[in-house]
**Q** 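One structure coming up, written as structure tokens, with questions to follow.
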Amino acid sequence: MHTAPTRTRRARVKSRGLLPVGMRTIEWDDDRDCIAMVDQTKLPSAYTTYHAETVADLIESIRLLRVRGAPALGAAGAYGVALAARRNDAADFDAFADAVTTDADAIATARPTAVNLSREVETVLAELDACSSIPEARERTLALAEDIADADVARNKRLGAHGAALLGDGDTVMTHCNAGALATVDWGTALGVIYSAQEAGKDVRVVANETRPLNQGARITTVELQEHGVDVTLIPDSASGLCMQEGRIDAVVVGADRIVLDGGEGGVVFNKIGTYNHAVLADRHDVPFVVAAPHATIDADRSADEVEIERRDPEELRKIYGTQNAPPETDVYNPAFDATPMELVDYLVTETGVYEPPLDRAAFEDVDRAPA
């Protein structure tokens, strides 16, 4: 077993209905013996905790985006296998293992684009394969899931410190979607860079795109940044070019849901829809474009054309919070992600350092992604 960093838990105290600094996005609730997560669908109006007591609850939560963000989905996948081990009971271990594996496969495919979900499901399933009894399997799968969650926090802190070195005091950073604490177990990737810069004494301001179609920049990123005391301005996605043209932006920092090393100049970054637009505009206006993502998000085994782009429910665009936004019969194309060629990326920030494309493929193929 891997030895995880000592976990520090801070009280989940409601703060004006917003997000308390220091919470964990997803964790195991020992009292209820299930998964507890921040219900991100309720933000920004309320901070609430949802308990996924069954595998079906977890899969629903992933699809509804109660829990979202590649690293947080990785933790959800890991905890999901542990949950399956606790909810499945059989007369013999082989039947038990088969049932857990079936549940794990359903969890791994709940959302297709982010690689972390399926990768961490596979990691914990491998632990199941090393067990010989049901009690042992339940203990070891949960222990490994906790290790994975703890390791996510530790590597995001390292990533943030590396990325913070790219920013200067007084910089204004544009970000897209939400790649903060709520996209991870804690701290964040793109926003983790901002928080680390803040810890280093740098005054960094943020311009947050609202991020269509689900407004995660408006609903979540602004909440996080305000709770951390970061000056944030919200803009419509379509204003990003104007902001760069007017010289308002010193850098664009985004996260990633999957990075492949084939396709384009040294790879392709899959991230929330609109990222490619901002990358093209940043290139046009000589604004540094930075991708912040852990090694667990780098997929060295697939090419760009093998990655499935998730399509969201058309009703997410036809309606806004239940109010009709377009005629009910309107045809809708609602992709959740797009693909940004690595040639448009100036820096890739991971927990091991800052890399300038084109990337050395060998540097990412053999990285140990196990919890440490």
Side-chain angles (χ1 to χ4, degrees), residues 2-15 17-44 46-53 57-58 61-62 64-83 86 107 114 116-117 120 123-124 141-160 178-196 199 216 219-221 223-228 255 292 294 296-297 351 371-372:
H2 304 284
T3 302
T6 301
R7 186 182 308 114
T8 301
R9 299 191 187 279
R10 279 171 273 183
R12 289 175 177 251
V13 179
K14 293 184 180 180
S15 174
L18 298 179
L19 182 69
V21 174
M23 45 61 66
R24 281 201 166 192
T25 299
I26 185 167
E27 62 186 357
W28 190 262
D29 187 322
D30 292 323
D31 294 332
R32 296 178 62 162
D33 200 33
C34 67
I35 303 170
M37 66 186 73
V38 176
D39 187 346
Q40 298 185 47
T41 66
K42 304 299 185 185
L43 292 170
Y47 165 76
T48 61
T49 301
Y50 177 83
H51 288 84
E53 298 187 347
D57 289 343
L58 177 62
S61 295
I62 292 170
L64 291 179
L65 307 189
R66 286 194 187 104
V67 59
R68 33 129 326 258
L73 288 174
Y79 281 128
V81 179
L83 182 67
R86 276 160 164 69
I107 295 167
N116 306 59
L117 176 61
E120 301 301 11
T123 298
V124 183
T141 55
L142 179 56
L144 182 54
E146 293 279 37
D147 285 355
I148 288 169
D150 290 341
D152 178 69
V153 181
R155 67 173 158 252
N156 290 337
K157 292 282 285 188
R158 295 195 300 270
L159 183 157
N178 173 263
L182 281 167
T184 64
V185 177
D186 196 4
W187 199 248
T189 54
L191 295 193
V193 170
I194 304 299
Y195 302 148
S196 293
E199 281 195 344
Q216 290 168 8
R219 293 191 304 104
I220 301 174
T221 294
V223 170
E224 277 201 38
L225 291 172
Q226 287 178 4
E227 290 291 338
H228 278 82
T297 302
E351 68 269 33

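Along the sequence shown, the residues carry numbers beginning at 1.
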**Q** Mind checking salt bridge (charged side-chain N to carboxylate O under 4.0 Å, His left out) for D57 and listing every partner two or more places apart, or none if nothing turns up?
**A**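 Here no residue qualifies.
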**Q** The criterion is side-chain contact (heavy atoms from CB on, under 4.5 Å); which residues satisfy it with A78, sequence neighbours excluded?
**A**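 Only E120, V124, A145, I148 meet the side-chain contact (heavy atoms from CB on, under 4.5 Å) criterion with A78.
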**Q** Can you tell me how far apart CD1 (I35) and CG (L58) are? Round to the nearest 0.5 Å.
**A**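 It is 4.5 Å, given to the nearest 0.5 Å.
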**Q** Report the residues that fulfil salt bridge (charged side-chain N to carboxylate O under 4.0 Å, His left out) with R66, sequence neighbours left out, ordered by chain and then residue number.
**A**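 Applying salt bridge (charged side-chain N to carboxylate O under 4.0 Å, His left out) to R66 gives D39, E60.
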**Q** Would you sort out whether K42 and Y50 count as a side-chain contact (heavy atoms from CB on, under 4.5 Å), showing the intermediate values?
**A** CA-CA 10 Å; K42 304 299 185 185; Y50 177 83; over 6 Å; no
**Q** Output yes when a side-chain donor or acceptor of T25 lies under 3.5 Å from a complementary backbone atom of A181, and no otherwise.
**A**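 Flag set: sc T25 to bb A181 pair under 3.5 Å.
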**Q** Look at the side chain of N156 and the backbone N and O of D186, then say whether any donor-acceptor pair between them is shorter than 3.5 Å.
**A**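 Present.
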**Q** Step by step, work out the side-chain contact (heavy atoms from CB on, under 4.5 Å) result for L182 and V223.
**A** CA-CA 10 Å; L182 281 167; V223 170; over 6 Å; no
**Q** To the nearest 0.5 Å, what is the distance between CG (L64) and CD (Q40)?
**A**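 Rounded to the nearest 0.5 Å, the CG-CD separation comes out at 12.0 Å.
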**Q** Which residues pass the side-chain hydrogen bond (donor to acceptor under 3.5 Å, both in side chains) test with T189, sequence neighbours left out?
**A**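 Counting only residues at least two positions away or on another chain, T189 forms no side-chain hydrogen bond (donor to acceptor under 3.5 Å, both in side chains).
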**Q** Apply side-chain contact (heavy atoms from CB on, under 4.5 Å) to D29 and list each qualifying residue two or more places apart in sequence or on a separate chain.
**A**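 If we apply the side-chain contact (heavy atoms from CB on, under 4.5 Å) test to D29, skipping adjacent residues, the hits are D31, R32, A36, H51.
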**Q** Distance check, rounded to the nearest 0.5 Å: E146 atom CD versus D30 atom CG?
**A**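 Nearest 0.5 Å value for the CD-CG distance: 7.0 Å.
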**Q** Quick one: list whatever passes side-chain hydrogen bond (donor to acceptor under 3.5 Å, both in side chains) with Q216, sequence neighbours left out.
**A**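 By the side-chain hydrogen bond (donor to acceptor under 3.5 Å, both in side chains) rule, Q216 matches R68, K272.
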**Q** Taking side-chain contact (heavy atoms from CB on, under 4.5 Å) as the definition, give me every residue that meets it alongside V185, ordered by chain and number, with sequence neighbours left out.
**A**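 V185 satisfies side-chain contact (heavy atoms from CB on, under 4.5 Å) with R24, I26, A75, A149, D152, V153 once adjacent residues are dropped.
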**Q** Please assess L191 against H228 for the test side-chain contact (heavy atoms from CB on, under 4.5 Å), listing each intermediate value before the final yes or no.
**A** CA-CA 10 Å; L191 295 193; H228 278 82; over 6 Å; no
